[in-house]
Amino acid sequence: VDEAPVQPPNGASEVGIMYTATGQMPVLLSTGQIDGYMVWQPFVSVAEVSGIGTVVSYSQDLPPAGTWTDHTCDALSAREDFIAANPDLVNAIAALLILSGDYVQENPDRAAEVSADWLFGGGDMTFGDVKVSSQDVLAHSIPTIRFSTEPSEDWLQSNDRFIEALRDIGYLTGSLKDASPGEVRDTLYDFSHYEAARAMVDAGEITTPEKRTRPMSIGYLPSDHDAPLFVAIKDWEHFHENFGIALKPRTTAPGKVDVADLIVNGEIITEVRLVQGEGGAQLMTLMGTDAIQMSYAGTPPTISAVDKGMPIKILLPTQNEGSGLVVAASAPVDDWDSFIAWADARSAEGRPLRIAAPIRGSIQDVQIKYALQDSGLVVKEV
Amino acid sequence: MTVVIQDVGKIFETRTREPVTALGGITLEIQKGEFVAILGPSGCGKTTLLRMIAGLDTPTTGSILVEGKPVTGPDPRLAMIFQEYSLYPWRTVRANVAFSLQMRGVAKEERDTITDRFIRLVGLDGFADSYPYELSGGMRQRVAVARALATDPAVLLMDEPFGALDAQTRNRMQKELLEIWENTRKTVVFVTHSVDEAVYLADRIIVLSPRPGRLSAIFDVRFSRPRDRTSVEFASLRRDVLELIDQLEESQ
Amino acid sequence: MTVVIQDVGKIFETRTREPVTALGGITLEIQKGEFVAILGPSGCGKTTLLRMIAGLDTPTTGSILVEGKPVTGPDPRLAMIFQEYSLYPWRTVRANVAFSLQMRGVAKEERDTITDRFIRLVGLDGFADSYPYELSGGMRQRVAVARALATDPAVLLMDEPFGALDAQTRNRMQKELLEIWENTRKTVVFVTHSVDEAVYLADRIIVLSPRPGRLSAIFDVRFSRPRDRTSVEFASLRRDVLELIDQLEESQ
Amino acid sequence: MRWYLKVIPPLFLLLAWEVASILINNPFILPTPTSVALVLLSPMADILGSGSIIDNALLSIWRVILGFGLAVLCAVPAGIIIGRYRIIDELVNPLIQLFRPIPPLAWVPLALAWFKIGLASIVFIIFIGSFFPVLINTIDGVRRVNRTWIETALIYGAKGWKLLVYVIIPAAAPAIWTGLRVGFGVAWMCVVAAEMLPGTNSGIGYLIMYSYNWGQVQVIIAGMIVIGIIGIGADLLFRTIEKKKFQWQEMNR
Amino acid sequence: MRWYLKVIPPLFLLLAWEVASILINNPFILPTPTSVALVLLSPMADILGSGSIIDNALLSIWRVILGFGLAVLCAVPAGIIIGRYRIIDELVNPLIQLFRPIPPLAWVPLALAWFKIGLASIVFIIFIGSFFPVLINTIDGVRRVNRTWIETALIYGAKGWKLLVYVIIPAAAPAIWTGLRVGFGVAWMCVVAAEMLPGTNSGIGYLIMYSYNWGQVQVIIAGMIVIGIIGIGADLLFRTIEKKKFQWQEMNR
Ligand SMILES: Nc1ncnc2c1ncn2[C@@H]1O[C@H](COP(=O)(O)OP(=O)(O)OP(=O)(O)O)[C@@H](O)[C@H]1O
Ligand SMILES: Nc1ncnc2c1ncn2[C@@H]1O[C@H](COP(=O)(O)OP(=O)(O)OP(=O)(O)O)[C@@H](O)[C@H]1O
Ligand SMILES: [Mg+2]
Ligand SMILES: [Mg+2]
């Protein structure tokens, strides 16, 4: 058992953080092996819709108050050599995601439908003896996510906070370890493509990129955080007709799409392979080996990857917020304060709470640790 | 101890449930202290007969009486020596010889005394702590004999005990077996393929017919031991037995 | 074809690099068409000698000349028959007999003709399409003989070919071998442990001393074939050989 | 044994499962046989948007055959050479020993780096899993070829490739076949590890791991049963051919 | 063979690796031998906040020993019973066949549900992996005990447990030991799958999968090498004991 990196005052209550696969969390919660979990959507909604658990707090509302408002989550990133070789293509894809992000924000119901189909074939999810419709879960989940693509100053600061946190935990060991804020931004971001894309969107005219002979691959995660990517493909006709850009799937079967064609102004530009990964870190590793060229994943893994020397740049945010803390439905908790009270009580009983989080260094990991420490609890990894 | 075999036959069932008559029905009386050799072509049921006497198989027809009592299972008064593979390779010579005593719960000290005596009897002093794989084939069979004798059985059943040995070793073992037999006077039932061996060893030679084995002839061997293989009477009995066997084969 | 063995000795190296003298130095001349039997205690180097004649091993000292030319490796004029396991179990009788012809690139039709002839010769017509595991031990050795003969070798080397057979089958095989030999007049070098077998078969009996094997005696067998095992001359020669072997053992 | 006795244990297991699932009364821990049967009994129905069980199973079998086939193509010739030449054996043996204990799962990261996303990586993982059993058995089989068989062939003039084709390979064939059987079993067991690779959207292994990501226990169990049944089937197939083709081995002695 | 010939292949592999890593020039695809050596040569240094290689390796070995030990405790007695009684064999054989092909990795979700987070689940995964090899070998060993040995014992009055203890078990011991060796090998190969379980933040398998998430390919390779070497070591240990204890088997024809 590792000691938490930051040591709060003696005598404080203790909470255990345990890293588990996300899909296991509802099961672990309902079998009493954990007391709660901090995770991305749609697992927060799964708990609520199925009645397995209740939401204590969505991520943006976690303490310290105001810290996490509109916090960073997923972003589009790409390999530097790919960006350099295909600037117009990168611009076009950025533009499509700007458009589809807006589309999701405006049509949450449709986005829920598409995501349910993509992730679950639109069928039911079974958790023990509870069956919930994946549509219902995603209809609950999508509105809790902010689909915003502007790399605003707030967003940048939010990333800075994660960088701080990652440094504290000791995850940054490479180029970003001691870099100044300016150096960090230079190393991490390349917003020129966002700006070009935004300009094209505003002008209503997408520049046709050069054709590629080789396919390209985009990595994504099985979460409705990636809904903009899903709708861009499933509702390709909408984008094709209205904006002259689309990712047209090769097949029309329900469920996931493996291969699509990027069509700009009626021309097929490139074959795009859609690679589902297990987590942001895995997608970064894939990008490091050039197995994929772009990825749609959380910022902390991207930051860590850049720190380790991977030639990757963050191009634009794709979605903010969208995580939450869930506890068992039976827990005497309805908000953060009662959660802390419960944590204190359990710690006093000698049975400290056990909260599951996805892998170490993830957004959820960083947020829950910070929030707990801010509330005066000692965090232990168990 | 007398062994009385009354009309004993054995039918096996193969895996495909077909019956195989292994032994056709044999009646035979073996006297206490007698040395009987059984000869017969391969597959005629010699091993099966020995196994039934030992209580390892039950006759399909007829019955076997040892000292008047029917055989119902392995009996401490009978010991059997197989052609090969019967020593426990993970046990030393001493532990092999001691096996039966150990099974009967004889105390360690007594066991050692008895064991040592029989190891000496078969001429293996000095090899007590060797493992079977360190011995030659002949030495291994001597261990098997010692093990059988250690239980002090009244009847020794031997199924081609020297079949795997080369000719020279075989002759030596025959001599030694006779010496031991003369000293202990066990009843011996000795299965062999070798006419020569049978004539050299036995008081009586039982010849079985080809499968299913039936009693085909009984030869009494009347001349005294130690027998001279090159003597006229030896050669003549040997010829008689060989001729009978040839006939049996041709009539088949 | 004559086989001349000049002062041939063989020293093996064990895994621990110790030298083992397997054969002590033997000089012997075998005439064309002669049937020679080699007798000797286990481990005296009989197999080693045959292997060297066959070109499977090279002598450490001395040399072997076949028809005047030194042996440097396997030679089509010599065929060897092993005690067991030499048939290819995945081949039918026919394919086993045809093996050597196939290796020499004889065309299919000619191969079949020759093969069928030799299968008939050893009395296995009707079993051509059987697999070795469907045959008895004696039948298997007949296949091995047919295979050896099919190459029409001038010299047949046989290493205890009948050692694994039971006594009756063995006698039958001996008769058949003699018939074949009389019809084909190959030179035969026949290793055996059985004095009886040697006296029954050979023109000359070579007796080797215990390891390392050296020439100990040569017996000429002068009486005519077919030999009667129960005849006086047979018994007398048999006794002489046995006595020599007993002596050799005791002097050891 | 009577056939109806043979169905007792599976039925008993099923019953025990049913009773246990009722007693435990927590479908997270043990879903009822019924819920699993529902998945298995509609093998053509789409599961989690990833296609039907049948489709996924067929795809997995195809991948395993590819990886296994490649392993056989490499391992059998390599095994024959290594088994035949002692010096090569001594040279490569340390490497074989070093690589053999590394589980296929551990190769996942490198497979991805080397073969990128797609079929090649999946095939590599299965390849790595089945390569060593096939190799080891082939080496062993060739090394144990009866010396008498080889010497008989030498005496009758067989040399070089003829010796190989007509003696060594047929003689080692039963051992090689055992290697194939074991290797295929391992290959099949690697399917879950292989189909964990990112970019995989199908296959019975993917179905298990994807269901795991979504906590769909009844699908996991159904997938395991499918793996078990296909495993039995493949093993039976190999054994049946073995019995037919290599009868001589059992009978020989 | 001279010892210096034996080092040629590893050296050659190392050289090829060095050249390849220079040519590829992408540490995420193929790190240089040096970077891997750096990890291996400081086995006491902390890696990614998860402890040193030595600590993690020891922990993994401990877990494997637990799971393997449990498997042995269950599989050996079960195997003896199944091998001894034909009827039990026929009854349970279908179940064994069904469960055997299911890869340990597929058990991960159920392990978690049944044994909760923690050592028990890890041990279960390793248990499941090594149970079948030990079982199958034990059954086989007991079934193949020389009939003559048993009958000799019957003749000399051995029955029941005495027959078991003094004849069956010693006679089957070499086969059982082979089962243990193979089973330990498989158990060791399961360590990566087992240490993927949630709540695990140590062990050499964890290190590999965790490094994978952070693109630390040199740590992955170092971990694989450690697995390989420990695998060789364990195998050697088993074989050494085998040679000493069961010498009689080799010698006995
Ligand atoms: N358990 C068994 N099941 C079926 N058939 C059997 C069984 N045991 C022996 N037989 C058959 O019974 C016959 C006699 O066998 P047995 O072993 O007694 O012969 P034998 O005279 O000892 O032969 P050999 O001289 O070859 O040792 C043979 O045909 C054999 O196949
Ligand atoms: N390849 C070998 N390496 C080392 N020693 C060997 C080798 N082959 C044979 N020997 C030894 O050479 C000696 C003679 O062996 P060989 O097999 O020729 O005897 P043999 O007379 O045929 O015996 P048997 O009658 O038992 O067949 C034996 O001591 C044997 O151990
Ligand atoms: Mg018999
Ligand atoms: Mg020999």
Side-chain angles (χ1 to χ4, degrees), chain A residues 21-33 42-43 46-47 50 52 115-131 134 137 215 217-223 253-259 273-279 282-283 285-286 288-292 295, chain D residues 21-22 24-32 34-36 38-39 42 45-53 55-56 59 108-122 195-203 206-222:
Chain A
T22 53
Q24 275 314 105
M25 292 176 180
V27 181
L28 294 174
L29 186 64
S30 59
T31 51
Q33 298 188 61
F43 291 103
V46 159
S50 66
I52 291 170
S115 301
D117 172 48
W118 187 291
L119 297 174
F120 242 77
D124 290 339
M125 306 165 87
T126 308
F127 294 98
D129 45 3
V130 187
K131 252 204 181 106
S134 57
V137 169
S217 300
I218 300 182
Y220 72 95
L221 300 174
S223 156
K256 284 173 202 43
V257 173
D258 294 337
V259 191
R273 296 195 178 145
L274 297 142
V275 173
Q276 178 184 280
E278 258 176 41
Q282 190 191 53
L283 291 184
T285 305
L286 290 178
T289 60
D290 203 18
I292 59 178
S295 96
Chain D
S21 65
I22 290 170
I24 291 175
N25 192 22
N26 184 338
F28 286 112
I29 293 180
L30 196 65
T32 59
T34 328
S35 68
V36 174
L38 273 180
V39 179
S42 45
D46 179 87
I47 295 179
L48 302 176
S50 309
S52 71
I53 287 209
D55 289 346
N56 282 298
L59 200 64
V108 161
L110 291 182
L112 264 183
W114 296 347
F115 299 101
K116 313 281 152 162
I117 287 160
L119 190 60
S121 285
I122 299 181
E195 290 180 350
M196 272 176 62
L197 283 166
T200 313
N201 285 338
S202 51
Y206 166 79
L207 216 56
I208 290 180
M209 290 324 273
Y210 192 66
S211 310
Y212 173 49
N213 281 334
W214 292 103
Q216 305 298 295
V217 184
Q218 77 287 359
V219 180
I220 296 173
I221 295 184

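Within every chain, numbering begins at 1; the chains are lettered A, B, ... in the order of the sequence lines, protein sequences first and strands thereafter.
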Taking [X] for the side chain and [Y] for the main chain, is one N or O donor matched with an acceptor at less than 3.5 Å?
X	Y	result
A:S30	A:P26	yes
A:S134	A:G123	yes
A:K256	A:G121	no

request  = Identify which part of A:Q276 has an atom lying under 4.5 Å from any heavy atom of chain D, answering side chain, backbone, both or neither.
outcome  =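 Both parts, backbone and side chain.
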key: Part of A:P222 lying under 4.5 Å from any heavy atom of chain D   = both
message = Between A:V275 and A:L286, does the side chain to side chain contact (heavy atoms under 4.5 Å, CB included) criterion hold? Intermediate values first, please.
response = CA-CA 10 Å; A:V275 173; A:L286 290 178; 4.3 Å; yes
Chain A contact via [X] - which portion, at a heavy-atom distance below 4.5 Å:
X	value
D:M209	neither
D:Q216	both
D:F115	neither

task = Measure the CD1-CG distance between A:I292 and A:L283 for me, rounded to the nearest 0.5 Å.
result = 5.0 Å
